[in-house]
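Notes follow the structure.
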Amino acid sequence: MPDHRYDPNDIEPRWQRVWADERTWEVANPVAGQSQAGEEPKSYVLEMLPYPSGEPHIGHLKVYSVGDAVAHFHRRTGRRVLHPMGYDAFGLPAENHAIKTGQHPRASTDAAIAEFQRQFRNWGISIDWSREFATCDPAYYRWTQWIFNELYRNGLAYRKEAAVKWCPNDQTVLANEQVIDGRCERCGFEVEAKQLEQWMFRITDYADRLLDDLDTIEWPEHVKTMQRNWIGRSEGAEVVFRCEELGIDYPVFTTRPDTLFGATFFVMAPEHPDVERLTAGTGNEDAVRDYVNHALNESNELRGAADKTKTGVFLGRHVVNPVNGEAIPMYVADYVLMEYGTGAIMAVPGHDERDHAFARAFGLPIRRVIEGENPDGDADGLPYAGDGALVNSAREFDGLPNREALEAIVAWLDREGKGHASVNYRLRDWLLSRQRYWGCPIPVVHCGACGIVPVPDDQLPVVLPDVSDYAPKGRSPLAAAEDWVNTTCPTCGGPALRETDTMDTFVDSSWYFLRYCDARNDQAAWDPAILHAWMPVDQYIGGVEHAILHLMYARFFCKALSDLGHIDVQEPFARLFTQGMITKDGAKMSKSRGNVVSPREIVERYGADTARAYILFIGPPDQDADWSDEGLEGVQRFLSRLWRLSAEAAERGAPGPLAGDPAGPDLDLVRKAHWAIEKVTGDLTGRFAFNTAIAAVMELTNEISRLRDDAGAAARRFALETANSLLFPFAPHVAADGYHLLTGERVWEEPWPVADQAYLARDTYELVCQVNGKVRDRVEVAADASGDALEAAALAAPNVVAHVDGHEVVKVVVVPGKLVNVVVR
RNA sequence: GUCGGAAUGGCGGAAUUGGUAGACGCGCUAGGUUGAGGGCCUAGUGAGGGUUUAACCUCAUGGGGGUUCAAGUCCCCCUUCCGACACCA
């Protein structure tokens, strides 16, 4: 027998070439007018698109190993699978690299994309490459701009002055994630707040639908919870407090209108536009101005510290509490946020912890208006946030349970025109402007005569111009491209200036899954009929770090585009799977820690099959897992053994077909094969139990190896074919090779094996015999034995007899197929 | 602080519905093959007790209570770790 050595460096490129040459994983789109009837059901399997930077890391290997296993399983169980790939190619890292080196971001991005492609092909991921694109391709962002126009035309994109984070040294606006501890991540300067006109998407219009439709999708519960918290719907009331001195009404939002009689002061956010005007002429101007300036310059982290002592300044004005006519003092304090509610609150120190702390610091009155226990034993038991009957309120409300009082008070406010029931959200509109170069240009011109004019659809794309200097200078680097900036107004033909801000890269990734469906369409973003055929994504897979932003934005786009009649799905991702992180030595991999595992090195050394199968075998894919080279080698041993067994069997030539009724070792082996089919199929059907599925193939392989000399050639060959067939989704090259050696066939063209129930059923089984819940014996019984027979068999088992002896049998519990429990006293 | 998730041998993990705890892999031990090493093959491997070998017994799923004939699994309390949000009125 010649030496059979498993050599992934031979096997893997060979099959990769076949798949590339034959374009095995490409799927055609449905053709208009042709009936879809009788066709196999579709399955759209998608992993979150990668941001190409440098080369892929181990997290990429994991997400695509998981997705590819799903895609292969779906294909072989009779579905038409769309499994595309692209690149989220606009973004800051490439731009920062350009600032440092002067290299065009396009160049470094293209280089990274080429490396990602090369490695994805080396990993043998079954991608439909005919649909590939990068979000920085003009042929793609042309349609990003079209979507922007559609949203703008329908009032879902608008301009608004908004506070942004500004680095005074780099002279640029920063993204939130570029601000670390209130400082610019690049130069360390303290970040300032700055008011700028910014483009926004009106995602808040969709708050309720984004919340309600979570019930219609199969996502991990914790991701839904995070989205619900992020949307932050709270029910309450808007109550109007009037400043008589200036004749201005100030509505506030409260979830506790039942505590309205306990409001003893009123607080505004430092950003509130009326602060200055309110203070004018009170003598408090300087103190208030100092406080506001200080508050505005303080970092969010510092300002938001929960244990921070309350600060604030009296505005010198009063507002009237609408329920009792009481004039209460107005303060400005940084614990009130301009972004939430109306930027002003009624303060109820008796029943709100924060208001209580403020009142204590400023010596303001604290009034109890809800009865309640005093669990902390504080002198007055305040603040008390629980339920109870109203006290110290109006006669008509005192004594009412507070939840009833809440409704009664809101009804009263409504009648008096001083307030109404109201719903408030934590979710804010999506600020999409970035004063950055490497992003999708916002397709708008500013015309002196016509104002803001979107670039007409037939003039798209607005192509990102080349510039020589990417360094930020207080405005977008695009402003320096004068030939580009100076243009004519599409409406009046007069001179106009292009918008120089670019879009947040989350815009690019909010619709890429739609483009995959019809990626080469140059007449439209997509053909609605084709989109209808593929959407929604049946299985979306990615990191939980995108649980909020990306997934919320994509859902919003879907709903908006659906309202505008462009698509007919409400939710983009019917099922979501979030994979856990791979750590090394218990810690997140990072260059600074020096614990990075490079997929390229691993694949070069062990082969893609070993790397992929190991990552799936290491543990449940939704959990974090620690990388171990020893574990990796264990998986390679397994692949190597299965391949060697396959090669040896193939060499011996084809045996005859499996005899009708295998017996002895043949039967054992055939049974084990059917058991493995059942197990792997179950583990992949609606579950992601790759680790136990691979373990089942290992068990089958162990059995083949164990019975190598006892079982007949036909049974062995059947078991080997089955093992390779089942292994294919996890280690496609070696499984394809083993299967081909054995059968001459292509395993990916074979239907998924189906377990023969006749081989799963056993004539007898081992009955567990317990006495008082403890296992005392095991006896072999007939599969169809009656309950009485099982009870008799158990009571006759030697070690049961020994334990029952001298006791009275009180009860016998019989669970057919499992056990008998004899209860004795 | 609030909301989630988790805790099982020396290690990663399995146990899908309350029904044999520890599948599979790593590691380790012994033996075989080999000039040696590696590789490969075989057997063993939760802890403790027990016998000549067996049998067998006790304990064991972070800790404590409970429900049940039966609990890793269900309920209550506690500890630890991880994640998200964090003055959201």
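Note that the structure is predicted; figures quoted are calculated from it, not measured. Residue numbering restarts at 1 for every chain, and letters A, B, ... go by the order of the sequence lines. As a basis for the values below, the full set of heavy atoms in this structure was taken, side chains included, without hydrogen atoms, waters or symmetry mates.
- Using a 4.0 Å heavy-atom criterion, one finds that A/Ser628 contacts no nucleic acid atom at all.
- Taking the side chain of A/Pro620 as heavy atoms from C-beta on, and the options B/rA15, B/rG13, B/rC69, the nearest nucleotide is B/rG13.
- For the C1' atom pair drawn from B/rU58 and B/rU51, the interatomic distance equals 16 Å after rounding to whole Å.
- Note on A/Arg776: only backbone sugar-phosphate atoms sit closer than 4.0 angstrom, heavy atoms only; bases stay farther off.
- Nearest to the side chain of A/Asn799, among B/rC26, B/rU20, B/rC56, sits B/rC56.
- Listed nucleotides B/rC59, B/rC87, B/rU20 differ in distance to A/Lys310; the shortest reach to its side chain belongs to B/rC87.
- In this structure, a donor-acceptor pair under 3.5 Å is absent between the side chains of A/Thr204 and A/Tyr425.
- A close approach under 4.0 Å does occur between a side-chain nitrogen or oxygen of A/His803 and OP1 or OP2 of B/rC57.
- In B/rG64 the base sits anti relative to the sugar, since the glycosidic angle is further than 90° from 0.
- OP1 and OP2 of B/rA23 both lie 4.0 Å or more from every side-chain N or O belonging to A/Thr692.
- Contact check, A/Arg228 against B/rC85: no side-chain N or O comes under 4.0 Å of OP1 or OP2.
- With sequence neighbours left out, the ring pair (Phe, Tyr, Trp, His ring centres under 6.0 Å) criterion links A/His272 to A/Tyr250.
- A/Asn702 comes within 4.0 angstrom of the backbone, heavy atoms only, and of no base.
- A donor atom on one side chain and an acceptor atom on the other are found under 3.5 Å apart for A/Asp258 and A/Asn402.
- Here B/rG19 is the nucleotide among B/rG19, B/rU20, B/rA89 with the atom lying nearest to any side-chain atom of A/Lys818.
- Partner of A/Val697 under the side-chain contact (heavy atoms from CB on, under 4.5 Å) criterion, out of A/Asn724, A/Leu726, A/Asn702: A/Leu726 alone.
- For RNA chain B, runs of at least 3 consecutive pairs of the Watson-Crick or G-U wobble type, with both hydrogen-bonding distances under 3.5 angstrom, map to B:1-7 with B:79-85, B:10-12 with B:24-26, B:27-33 with B:39-45, B:46-49 with B:56-59, B:62-66 with B:74-78.
- Within 4.0 Å of A/Val813, counting heavy atoms only, lies at least one base atom of the nucleic acid.
- Note on A/Asp626: nothing from the nucleic acid sits closer than 4.0 angstrom, heavy atoms only.
- Side-chain proximity of A/Phe617 to the nucleotides B/rG25, B/rA89, B/rC26 is greatest for B/rG25.
- Counting any heavy atom pair closer than 4.0 Å across all strands shown, A/Arg637 reaches sugar-phosphate atoms only and no base atom.
- In this structure, of B/rC41, B/rG19, B/rC24, it is B/rC41 that holds the atom nearest to the side chain of A/Arg641.
- Atom name C1', nucleotides B/rC78 and B/rA89: the rounded distance is 33 Å, in whole Å.
- A/Arg644 comes within 4.0 angstrom of the backbone, heavy atoms only, and of no base.
- A distance of about 10 Å separates the C1' atoms of B/rG62 and B/rU8, rounded to the whole Å.
- Within the nucleic acid shown, A/Ile618 comes within 4.0 Å of sugar-phosphate atoms alone, with no base atom in reach, counting heavy atoms only.
- Contacts of A/Lys679 with the nucleic acid, taken as non-hydrogen atoms under 4.0 Å apart, include base atoms.
- A/Glu633 comes within 4.0 angstrom of no nucleic acid atom, judged by non-hydrogen atoms across all strands.
- Checking the phosphate oxygens (OP1, OP2) of B/rA14, a side-chain nitrogen or oxygen of A/Asn691 falls inside 4.0 Å.
- Checked by atom type, the side-chain pair A/Tyr340/A/Ser234 shows a donor-acceptor distance below 3.5 Å.
- In this structure, A/Gly634 reaches the sugar-phosphate backbone alone: every heavy-atom distance under 4.0 Å involves primed, P, OP1 or OP2 atoms, never a base.
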